[in-house]
Engineer: 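Structure provided below as structure tokens; questions to follow.
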Amino acid sequence: MPTQRQNVEDAPPRDQDVPWHSDAVCRRDEAGLFFAPSKEPTAARLSREEAAKRVCARCPVMVECREHALLQPEPYGVWGGLTAAERRVVLARRRRRELELKKAARAADPIAAAG
Ligand code: SF4
């Protein structure tokens, strides 16, 4: 769960100049569906996030949007069908996997790994 909430008024614009954005389903949706208003109760947040995810599920650029949000990383809002908390989980898994691959490479070839 995010430790800090962002007001809808402070939400970043979704019309950034990115190649996939012209196909985004959410272009005309209210930012309020994708970003939390201040002091949003938990039940309302869960309901809003599920509604945003339903929009994302029918979006043709969901994969591009999700990668964008992971690479930035975007700290707030639903992007590519993932909440900020879910994106943090994905990023943590990716970091763990990278470390495991490096560890395996060092074990397989310690001389090369030593440089
Ligand atoms: S995946 Fe969701 S947040 Fe991303 S562009 Fe599509 S509708 Fe918008």
Side-chain angles (χ1 to χ4, degrees):
M1 174 179 288
T3 56
Q4 184 180 8
R5 294 269 168 78
Q6 182 184 40
N7 292 332
V8 170
E9 297 78 29
D10 299 331
R14 297 256 169 161
D15 59 352
Q16 296 165 347
D17 188 20
V18 288
W20 49 266
H21 197 265
S22 58
D23 295 326
V25 168
C26 63
R27 288 178 72 194
R28 290 186 174 77
D29 285 348
E30 291 183 22
L33 188 59
F34 292 87
F35 293 96
S38 60
K39 299 179 181 169
E40 183 180 40
T42 300
R45 175 181 57 81
L46 293 173
S47 173
R48 178 186 51 73
E49 287 175 344
E50 285 308 312
K53 288 179 177 187
R54 283 194 294 275
V55 175
C56 294
R58 59 183 169 86
C59 181
V61 294
M62 188 171 80
V63 172
E64 292 87 342
C65 176
R66 181 178 291 179
E67 282 306 307
H68 162 85
L70 289 167
L71 291 174
Q72 287 301 305
E74 295 288 354
Y76 305 107
V78 173
W79 293 77
L82 295 179
T83 65
E86 291 166 339
R87 290 194 301 276
R88 285 194 293 275
V89 170
V90 171
L91 287 171
R93 274 194 205 133
R94 285 184 179 180
R95 281 193 293 273
R96 263 198 314 276
R97 190 177 311 140
E98 280 177 27
L99 289 174
E100 287 168 6
L101 287 172
K102 284 181 184 172
K103 193 173 170 182
R106 279 197 301 272
D109 191 351
I111 294 171

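Whatever order the structure lists ligands and atoms in, that order sets their numbers, starting from 1. All residue numbers in this chain count up from 1 along the given sequence.
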Engineer: Quick one, Cys65 and Met62 - any side-chain contact, counting heavy atoms below 4.5 Å?
Structural biologist: no

Engineer: Should you measure from each heavy atom of Cys59, which atoms of ligand 1 turn up under 4.0 Å away?
Structural biologist: 1 (S), 5 (S), 6 (Fe), 7 (S)

Engineer: Of all the heavy-atom pairs spanning Phe34 and Val55, show the shortest one and how long it is.
Structural biologist: CZ-CG1, 3.8 Å

Engineer: Below 2.8 Å, can you find an N, O or S atom of Cys56 next to atom 2 (Fe) of ligand 1?
Structural biologist: yes

Engineer: Please list, in number order, the atoms of ligand 1 under 4.0 Å from a heavy atom of Cys65.
Structural biologist: 1 (S), 3 (S), 4 (Fe), 5 (S)

Engineer: Closer than 4.0 Å to some heavy atom of Gly80 - which atoms of ligand 1 meet that?
Structural biologist: 1 (S), 3 (S), 4 (Fe)

Engineer: If every non-hydrogen atom of Cys56 is compared with every non-hydrogen atom of Gly81, which pair is closest and at what distance?
Structural biologist: SG-N, 3.3 Å

Engineer: What atoms in ligand 1 come closer than 4.0 Å to a heavy atom of Ala24?
Structural biologist: 5 (S)

Engineer: So, do Arg88 and Arg93 sit near enough that their side-chain heavy atoms are less than 4.5 Å apart?
Structural biologist: no

Engineer: State plainly whether one hydrophobic cluster holds both Phe35 and Val25, where clusters connect Ile, Leu, Val, Met, Phe, Trp and Tyr through side-chain heavy atoms under 4.5 angstrom apart.
Structural biologist: yes

